[in-house]
Amino acid sequence: MTSNQKPRVRFAPSPTGFLHVGGARTALFNWLFAKHEGGTLLLRIEDTDVERNKPELVDGILVALRWLGIQWDEGPFFQSQRIEMYRAATEHILASGAGYACYCKAAAYTGGDSADENEGEGDDEGKAAKAVACSCRDLTPERRAAKEKEGIRPAIRFRTPRTGTTHFEDAVFGPRDVQNAEIEDFVLLRSSGLPTYQLSVVVDDIDMRITHIIRGADHLSNTPKQVLIYKALGAEPPIFAHVPLILGPDRTRLSKRHGATSVGSYAEEGFLPEAFRNFLALLGWSPGDDSEYLRTNELIERFSLSGVSRTNAIFDRAKLEWYNTQYLQKPPVEEILPYVEAELKRSGLWQEAWASSEREWFAHTVDLIRPRTRLLGDFSGWARAFFTDDFDYEPEARAKFWKDEKLPLLMPKLIKALEAVTDWNHDACDASLRGMATSEGVKAGLLINATRVAIVGRAVAPPLFETMVALGKDRVISRLRRALPAIPSR
RNA sequence: GGCGCUAUGGUGCAACGGUUAGCACGCGGCCCUUUCAAGGCUGAAAUACGGGUUCGAUUCCCGUUAGCGCUACCA
């Protein structure tokens with residue numbers, strides 16, 4: 001492997017489900033690595049298992065990758081369209097003697113006890129040691145001819161050396177040597193003529209000139225098999241980089257049981273892609289210091305395989321939410337405007353003027369709201385009243401801030417005072433309200449809180465006077481009037 | 001069962017032979033304050049266990065335990 005060549009990496013999901021967070025993290029690491037090194041990222045769909053593969057899921061995976069902002073340079077390639085290559089490679093392996101035809105039934109080989117010849121009697125409780133090879137390995141030509149005559153379609157197995165070790169380099173786990181005696185004669189080509197993962201992954205990675213294989217650590221144990229195939233095909237193995245797995249809060253592999261595991265669900269929930277990326281990047285990788293808020297360009301600058309950890313990480317939703325607040329609040333407001341726009345459109349609150357004549361108001365209002373948001377849905381949720389007159393009073397808010405019995409008398413006076421404000425700005429509203437509070441002998445907080453509930457319907461909202469300015473005098477007055485009958489008088 | 005990987009607060013990461021073991025999330029308190037956030041300060045909270053090696057181990061080695069992975073004609 002020459003050192004001056006630009007790396008070529010790939011992300012190779014199989015369409016058996018939605019893109020899940022583990023896959024997304026693998027894709028992200030590949031992408032960051034490629035970007036950092038100025039290399040190339042390919043996308044390959046591993047769909048050689050006709051039973052489990054669902055073609056209609058491919059699109060969802062692409063959509064999720066795009067949402068994540070991960071763009072690939074080549075592909076997507078589909079293994080299902082490259083079957084001939086795998087068969088040719090199998091022929092090559094067969095011809096060189098590195099493979100052999102196996103006529104056993106799949107079930108018989110893997111441990112059942114039926115038909116053919118069964119070695120390894122299952123001892124009472126524990127599982128018997130698995131067979132490493134089957135008798136087909138040394139079938140005489142005559143016996144093989146006989147099997148063929150029976151019309152049995154064989155699977156093609158790899159003839160794993162019985163002695164010696166297989167070596168490979170892992171950028172995360174270091175140099176690895178595995179005893180060949182531990183490696184069984186695995187299947188390369190199924191009796192159906194379709195390749196197994198072990199074969200197709202190697203054939204493709206050779207053909208696509210992949211230099212670094214960055215993938216989940218669940219593939220670590222099977223890597224020696226693949227290295228054996230590289231050798232049998234006369235190719236130099238690439239550098240491997242196995243990244244630790246992401247587990248659920250109960251330390252078991254992340255699955256549906258743990259709630260949302262698909263990337264798409266996080267998009268729907270109102271997470272920002274950059275927040276999600278930042279969160280994912282720090283799961284199993286560290287820049288080497290205590291930095292946590294790393295924008296995408298910094299992630300690319302600082303990413304390195306040497307910073308990848310070897311320990312499984314637990315997916316912590318609370319931390320993800322914290323990242324989202326950071327990305328909702330820290331970047332220049334212009335950056336999040338498109339996301340807020342999409343959210344408002346989704347909830348039917350969007351008005352085109354906010355993108356044109358009232359863009360400034362929109363940007364300012366979003367800026368006012370965002371310090372209190374965690375998810376995009378907050379803009380159409382608790383902050384709804386900033387974008388429409390159609391909102392309700394939160395029961396807890398009215399119970400808490402509309403309970404003072406002086407309010408029914410005070411509020412009409414406040415309306416009158418505010419109507420008299422000619423230059424509607426923060427200080428004028430402030431002076432008007434506080435002035436009234438003083439003359440009426442009540443605390444300003446009483447009026448402030450009651451007014452907040454009246455004009456935004458919530459106890460949780462931005463500072464009142466800024467809110468009043470954002471809403472404008474007319475809407476504040478009318479909402480105050482509208483609230484009057486709802487304030488319990490006694 | 002076999003083989004392999006891993007082991008720092010509840011969680012994510014630092015410390016890659018010498019630090020009062022650091023940062024962040026979460027949790028508690030205080031400040032700020034007009035609600036709620038944000039922000040600032042602050043508190044509780046960790047080197048799995050046992051042996052070595054060393055002047056000195058979170059760090060290196062061995063064992064134990066635990067977790068995870070692989071052990072499919074899945075990927």
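Chain letters run A, B, ... following the sequence lines, proteins first, then strands; residues in each count from 1. If you're wondering where the values come from, they're calculated on a predicted model, not measured in any experiment.
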Side chain of [X] (C-beta onward), nearest among [options]:
X: A:Thr252; options: B:C68, B:U34, B:U11; result: B:C68
X: A:Leu247; options: B:C73, B:C68, B:U11; result: B:C68
X: A:Lys225; options: B:C36, B:C13, B:U71; result: B:U71
X: A:Arg176; options: B:C13, B:G4, B:G12; result: B:G4
X: A:Asp290; options: B:C13, B:G22, B:U35; result: B:G22
X: A:Asn449; options: B:A37, B:U35, B:C70; result: B:U35

Looking across every strand, which nucleic acid part, if any, lies under 4.0 Å from [X] by heavy atom: base, sugar-phosphate, or nothing?
X: A:Arg458; result: nothing
X: A:Pro287; result: nothing
X: A:Gln198; result: base
X: A:Arg434; result: base
X: A:Thr16; result: nothing
X: A:Leu464; result: base
X: A:His219; result: base
X: A:Phe465; result: base
X: A:Ala313; result: sugar-phosphate
X: A:Asp49; result: sugar-phosphate

Please tell me if [X] has a side-chain N or O lying less than 4.0 Å from either OP1 or OP2 of [N].
X: A:Ser221; N: B:C5; result: no
X: A:Arg310; N: B:G69; result: no
X: A:Asn312; N: B:G69; result: no
X: A:Arg452; N: B:U35; result: no
X: A:Arg157; N: B:C73; result: yes
X: A:Arg317; N: B:G26; result: no

Practice problem: Measure from the side-chain N and O atoms of A:Thr26 to the backbone N and O of A:Gly22, and report whether any donor-acceptor pair falls under 3.5 Å. | Solution: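 Confirmed, A:Thr26 side chain pairs with A:Gly22 backbone.
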Exercise. Could you tell me whether a side-chain N or O of A:Asp170 sits under 3.5 Å from a main-chain N or O of A:Pro175, the two making a donor and an acceptor?
Key: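 Answer holds: no.
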Quiz item: How about A:Phe391: does its CZ atom have over 12 heavy atoms from other parts shown lying under 6.0 Å from it?
Solution: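 Atom CZ in A:Phe391 is packed in, count exceeds 12.
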Quiz item: Taking atom CZ of A:Arg310 as the centre, does the number of heavy atoms from other residues, nucleotides or ligands within less than 6.0 Å exceed 12?
Solution: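 Atom CZ in A:Arg310 is not packed in, count stays at 12 or less.
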Practice problem: Record whether the side chain of A:Ser191 comes under 3.5 Å of the base of B:C73 through a donor-acceptor pair of N or O atoms. | Solution: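 Donor-acceptor pair under 3.5 Å: yes.
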Quiz item: Taking N and O atoms by type only, does the side chain of A:Arg372 place a donor or acceptor under 3.5 Å from a partner on the base of B:C36?
Solution: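 Such a pair exists between side chain and base.
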Integer angstrom distance from the [atom1] of [N] to that of [M]:
N: B:G4; M: B:U8; atom1: C1'; value: 23 Å
N: B:A46; M: B:C41; atom1: C1'; value: 23 Å
N: B:C3; M: B:G10; atom1: P; value: 32 Å
N: B:U11; M: B:U47; atom1: P; value: 13 Å
N: B:G63; M: B:C30; atom1: C1'; value: 49 Å

Practice problem: Would you kindly compare A:Asp316 and A:Lys400 by the position of their nearest RNA chain B nucleotide and give the one closer to the 5′ end? | Solution: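 The answer here is A:Asp316.
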Quiz item: Taking for each residue the nucleotide of RNA chain B with the nearest heavy atom, is it A:Tyr197 or A:Phe173 whose nucleotide lies nearer the 5' end?
Solution: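 The 5'-side residue here is A:Phe173.
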Practice problem: Find the distance A:Ile246:CD1 to B:U6:C1' and express it as a whole number of Å. | Solution: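 Nearest whole value for this atom pair: 16 Å.
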Exercise. Check the distance between B:A75's P and A:Leu199's CG and give it to me in whole angstrom.
Key: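 Rounding to the nearest Å, CG of A:Leu199 and P of B:A75 are 11 Å apart.
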Practice problem: Provide the closest heavy-atom pair for A:Pro55 versus A:Asn53 in the form atom of the first, atom of the second, distance. | Solution: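 Where A:Pro55 meets A:Asn53 most closely, the heavy atoms are CD-O, 3.7 Å.
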Exercise. Please report the closest heavy-atom contact between A:Thr160 and A:Arg137, naming both atoms and the distance.
Key: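 So the minimum-distance heavy-atom pair works out to O-NH1, 2.9 Å.
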Exercise. Sort out for me which residue in A:Trp322, A:Phe315, A:Tyr327 forms a ring pair (Phe, Tyr, Trp, His ring centres under 6.0 Å) with A:Phe279.
Key: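 Only one option passes, and that is A:Phe315.
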